[in-house]
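To start, the structure under review is shown below, and the notes come after it.
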2 protein chains.
Amino acid sequence: MTSETEIFKVLDFISEKALREEILEYCQVLTFQKGETIVREGEYVKVLPIVLSGHIRVFQAKEDREILLYYVDPSQTCMMSLSACFYNNQSPSQAVAVSETKILAIPTRYITQWQKKYNSWNNFVIKTFRNRYDELLETFESVAFDHIDKRVMEYLNHRKEKEDTSIIKLSHQQLAYELGTTRVVISRILKQFEMDGILKLHRAEIELL
Amino acid sequence: MTSETEIFKVLDFISEKALREEILEYCQVLTFQKGETIVREGEYVKVLPIVLSGHIRVFQAKEDREILLYYVDPSQTCMMSLSACFYNNQSPSQAVAVSETKILAIPTRYITQWQKKYNSWNNFVIKTFRNRYDELLETFESVAFDHIDKRVMEYLNHRKEKEDTSIIKLSHQQLAYELGTTRVVISRILKQFEMDGILKLHRAEIELL
DNA sequence: GGATAACGGTATCAAAAGATACCATTGCCG
DNA sequence: CGGCAATGGTATCTTTTGATACCGTTATCC
């Protein structure tokens with residue numbers, strides 16, 4: 001999985017040969033186990049991680065609550081890191097590996113260098129900023145204006161689309177963490193949905209009808 | 001205010017002579033009156049507005065509620081527009097002139113062109129993305145985790161710092177719009193703060209003690 | 001097989017926020 | 001000067017969400 005060809009099979013947007021060579025020369029492939037923390041809140045960011053395989057969950061935490069910001073999937077990078085590394089800043093949020101995850105670790109000094117030298121890299125940076133911003137804005141909107149029941153439905157439908165399955169493997173507690181609320185609230189709402197015939201509850205599993 | 005020298009007095013970060021010339025050749029200065037809408041939600045974005053004088057308020061609205069995203073002050077630009085114009089997208093939020101506002105309107109086709117040609121322009125674009133993202137994240141955090149009373153205090157202190165005065169000119173309704181809640185809720189909280197001796201209420205004016 | 005942890009159903013109570021309504025005051029405009 | 005809009009004080013009621021507590025079930029691990 002970490003051979004040259006495999007790396008650029010995932011990072012197929014990197015077209016320049018010279019950039020590929022620089023990547024092989026200066027970057028490292030790191031592996032994180034499921035549940036391992038990749039970036040801590042307040043930590044200084046020294047490398048930009050691009051996901052090669054697996055998934056990273058980026059979230060904000062406060063006391064015993066947490067709320068999902070987004071997932072980083074293969075060929076994507078973490079907005080926090082990108083933002084933080086431009087000015088050698090601290091990360092405002094946490095990142096944890098959802099499953100075993102391999103990342104390409106790019107030392108921050110190359111980010112801006114490559115932006116000037118390589119078109120595809122500049123596009124990648126801009127696209128990341130853009131997409132993550134839009135995503136955050138969408139989440140913001142739903143947190144600011146919507147009730148939790150609607151947010152639960154939206155979250156489940158989003159998962160359904162993304163994973164192309166009606167059965168979402170997820171405990172009530174996990175769902176509470178995703179949306180920034182508590183388990184009891186989620187159980188209550190899901191039960192109501194089940195009574196309305198919208199879904200069926202199984203152990204650590206939600207079946208959309 | 002719209003003479004060449006005045007423009008680049010505000011946009012002093014633009015160092016390249018060639019870029020200054022391109023700006024003068026291809027861009028227009030537009031004036032908006034107080035309260036005038038600059039960008040509507042869902043509208044396609046064709047120019048990137050950089051504020052020369054005055055202030056723009058960018059917010060999201062839903063039914064009779066609205067919530068502040070950020071202000072655009074002189075020498076800054078609107079994140080929405082920047083994001084939207086990269087892919088010829090619709091604006092996800094609205095922008096209104098707070099006071100008489102002059103902007104430099106840059107046709108979107110130059111944004112990426114200049115990014116490659118001019119260092120200072122690329123920095124401007126990146127810095128805008130970065131700062132707006134961090135700002136949004138901060139607002140998101142407070143909406144997700146904090147109660148309204150705390151958000152009211154934070155908003156007022158922020159204004160106090162920014163404007164360097166203890167007297168904030170603001171009606172309860174306006175404050176409700178900034179924070180995405182209703183007038184009655186704000187009046188209730190402010191009254192409580194006044195009873196606690198934290199501030200003093202005047203008509204359309206809040207005095208921090 | 002028994003301890004233990006994860007999962008989740010549910011009841012009760014409290015707090016936060018929103019909805020509505022009504023009225024008094026102030027400022028402005030014709 | 002009279003009307004009208006903006007401002008804001010306040011009371012009442014409801015809804016939403018959160019906090020706590022308790023218990024039964026299921027899975028997992030020695």
Side-chain angles (χ1 to χ4, degrees), chain A residues 34-35 60-68 98 141-156 167-208, chain B residues 34-35 60-68 98 141-156 167-208:
Chain A
K34 179 175 173 171
Q60 291 231 311
K62 201 158 189 174
E63 284 138 47
D64 57 339
R65 287 282 175 81
E66 54 186 62
I67 188 164
L68 173 72
V98 176
E141 213 180 326
S142 72
V143 170
F145 294 122
D146 296 340
H147 286 166
I148 297 189
D149 51 356
K150 190 174 168 200
R151 292 176 52 212
V152 167
M153 246 358 260
E154 272 169 8
Y155 179 87
L156 293 175
I167 297 186
I168 319 286
K169 294 205 176 298
L170 192 68
S171 77
H172 295 189
Q173 179 60 70
Q174 284 174 310
L175 184 45
Y177 279 145
E178 298 288 80
L179 302 184
T181 180
T182 62
R183 202 267 308 170
V184 182
V185 172
I186 294 294
S187 294
R188 190 191 288 157
I189 287 167
L190 286 179
K191 202 69 210 164
Q192 186 59 51
F193 281 153
E194 189 177 41
M195 291 202 294
D196 295 346
I198 300 172
L199 47 76
K200 239 178 169 168
L201 297 175
H202 311 283
R203 190 179 174 82
E205 212 179 81
I206 298 162
E207 183 185 356
L208 294 171
Chain B
K34 179 176 172 169
Q60 292 232 310
K62 201 160 190 171
E63 285 138 45
D64 57 340
R65 286 283 174 81
E66 54 185 63
I67 189 165
L68 173 72
V98 177
E141 214 181 325
S142 73
V143 170
F145 294 121
D146 296 339
H147 287 165
I148 298 188
D149 51 356
K150 191 175 167 198
R151 293 176 51 215
V152 167
M153 247 355 262
E154 271 169 9
Y155 179 87
L156 292 176
I167 298 185
I168 319 288
K169 294 205 176 298
L170 192 69
S171 77
H172 295 190
Q173 180 60 69
Q174 284 173 311
L175 185 44
Y177 280 144
E178 298 287 80
L179 301 183
T181 181
T182 60
R183 202 267 309 168
V184 181
V185 171
I186 293 294
S187 293
R188 190 191 288 156
I189 287 167
L190 287 179
K191 203 68 209 166
Q192 187 57 51
F193 280 153
E194 189 176 42
M195 290 203 294
D196 294 346
I198 299 172
L199 46 76
K200 240 178 167 167
L201 297 174
H202 311 283
R203 192 180 174 83
E205 211 180 82
I206 298 163
E207 183 186 356
L208 293 171

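A note on names: the letters A, B, ... follow the listed sequences, proteins ahead of strands, and every chain is numbered from 1.
Look at NZ on Lys169(A): it is 13 Å from P on dC7(C), rounded to the nearest Å. Rounded to an integer number of Å, the gap from Phe193(A) CZ to dG8(C) P is 16 Å. The interatomic distance linking Phe145(B) (CZ) with dG18(D) (P) rounds to 11 Å, in whole Å. Remark: P of dG9(C) and CD of Gln192(A) are 13 Å apart, rounded to the nearest angstrom. Atom CG in Leu175(B) sits roughly 13 Å away from atom C1' in dG8(D) (whole-Å rounding). Taking atom CG on Asp146(A) and atom P on dA17(C), their separation rounds to 17 Å, with Å as the unit. Between the CG atom of Leu201(A) and the C1' atom of dT26(D) there is a distance of 16 Å, rounded to whole Å. Between the C1' atom of dG8(D) and the CD atom of Glu194(B) lies a distance of 11 Å, rounded to the nearest Å.
Here the closest heavy-atom approach between residue Arg65(A) and residue Phe145(B) is recorded as CB-CE2, 3.8 Å.
When each of dG18(D), dG18(C), dG9(C) is scored by its nearest atom to the side-chain atoms of Ile148(A), the top-ranked nucleotide is dG18(D). Listed nucleotides dG18(C), dT10(D), dA19(D) differ in distance to Arg188(A); the shortest reach to its side chain belongs to dA19(D).
In this structure, Arg188(B) CZ and Thr182(B) OG1 are separated by 7.5 Å, a value rounded to the nearest 0.5 Å. A distance of 9.5 Å separates CZ in Phe193(B) from CD1 in Ile186(B), rounded to the nearest 0.5 Å. How far CG of Leu175(A) is from CD1 of Ile168(A): 10.0 Å, rounded to the nearest 0.5 Å. For the atom pair Lys191(B) NZ and Asp196(B) CG, the distance stands at 11.5 Å (nearest 0.5 Å). A distance of 3.5 Å separates CD in Glu178(B) from OH in Tyr155(B), rounded to the nearest 0.5 Å. Here CG of Asp146(B) is found 11.0 Å from CG of Leu179(B). Values are rounded to the nearest 0.5 Å.
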Take Arg151(B) and Glu154(B), measure what salt bridge (Lys or Arg N to Asp or Glu O under 4.0 Å) needs, and give me the verdict at the end. CA-CA 5 Å; Arg151(B) 293 176 51 215; Glu154(B) 271 169 9; over 6 Å; no
Review item, side-chain donor-acceptor pairs of residues 197-206 of chain A, under 3.5 Å, at least two apart:
| unit_1 | atom_1 | unit_2 | atom_2 | d |
| --- | --- | --- | --- | --- |
| His202(A) | NE2 | Glu207(A) | OE1 | 2.8 |
| Glu205(A) | OE2 | Lys169(A) | NZ | 2.6 |

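Applying a 4.0 Å cut-off to non-hydrogen atoms, the residues of residues 178-186 of chain B that approach DNA chain D are Arg183(B), Val184(B), listed by residue number.
The phosphate of dA17(C) (OP1 or OP2) has no side-chain N or O of Arg65(B) nearer than 4.0 angstrom.
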Kindly give the atom pairs (protein nitrogen or oxygen, nucleotide nitrogen or oxygen) under 3.5 Å for nucleotides 4-7 of chain D.
| unit_1 | atom_1 | unit_2 | atom_2 | d |
| --- | --- | --- | --- | --- |
| dA6(D) | N3 | Arg203(B) | NH2 | 3.2 |
| dT7(D) | O4' | Arg203(B) | NH2 | 3.3 |

